[in-house]
Amino acid sequence: MEFWKEHTKLRMLIIAILFVAGLAAVIGGWRMTGKITGLGIMIVGTGLLVAAIWIYNKPFERPHRKKT
């Protein structure tokens with residue numbers, strides 16, 4: 001997908017927002033020791049961090065070839 005290669009500033013802004021929000025959620029959930037909601041917040045934070053990595057790696061993805 002060429003969108004992520006063409007819009008590098010937007011990509012870096014989204015990555016930074018996802019990284020900070022994910023890190024804050026993981027740390028915030030970690031402080032809720034003994035509560036199941038803390039675990040849920042930590043899982044959401046981990047998902048945000050994975051989304052940041054996914055967006056970072058998207059421009060380096062090779063196009064898929066069709067098997068014949």
Side-chain angles (χ1 to χ4, degrees):
M1 187 175 215
E2 297 295 322
F3 178 80
W4 295 113
K5 287 183 181 180
E6 295 170 0
H7 299 88
T8 56
K9 290 182 182 179
L10 175 65
R11 189 177 95 225
M12 296 315 271
L13 178 68
I14 293 172
I15 290 170
I17 291 170
L18 287 174
F19 179 76
V20 170
L23 204 57
V26 169
I27 292 171
W30 182 38
R31 289 184 178 175
M32 301 173 136
T33 304
K35 296 181 182 177
I36 197 71
T37 56
L39 177 63
I41 293 171
M42 286 173 41
I43 291 172
V44 169
T46 304
L48 291 173
L49 292 172
V50 169
I53 293 171
W54 179 73
I55 291 174
Y56 175 80
N57 286 327
K58 196 66 177 160
F60 306 109
E61 192 175 82
R62 288 189 224 150
H64 298 287
R65 294 182 184 174
K66 293 183 180 180
K67 293 182 180 179
T68 56

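Owing to the predicted nature of the structure, the values given are computational and were not obtained by experimental measurement. Hydrogens, waters and symmetry mates are skipped; everything else that's a heavy atom, side chains included, is used.
- The two atoms that bring V26 and M42 nearest to each other are O-CG, 3.5 Å, heavy atoms only.
- Here I43 is tied into one hydrophobic group with I36, L39, each link being a pair of ILVMFWY side chains closer than 4.5 Å.
- Annotation: ring pair (Phe, Tyr, Trp, His ring centres under 6.0 Å) contacts involving residues 25-47, sequence neighbours excluded, are absent.
- Among residues two or more places apart in sequence or in another chain, the side-chain contact (heavy atoms from CB on, under 4.5 Å) test is passed with I14 by W4, L10, L18, I55.
- Legend: residues meeting side-chain contact (heavy atoms from CB on, under 4.5 Å) with T8, ordered by chain and number and at least two apart, are R11.
- Identified under the ring pair (Phe, Tyr, Trp, His ring centres under 6.0 Å) test for residues 43-63, with sequence neighbours left out: Y56-F60.
- Taking hydrophobic clusters as Ile, Leu, Val, Met, Phe, Trp and Tyr residues chained together by side-chain heavy-atom distances below 4.5 Å, V44 does not share a cluster with I27.
- Separating the CD1 atom in I41 from the NZ atom in K35 is a distance of 9.5 Å, to the nearest 0.5 Å.
- Across G45 and A25, no two heavy atoms sit closer than the pair CA-CB, 3.6 Å.
- In this structure I17 satisfies the side-chain contact (heavy atoms from CB on, under 4.5 Å) test together with L13, sequence neighbours excluded.
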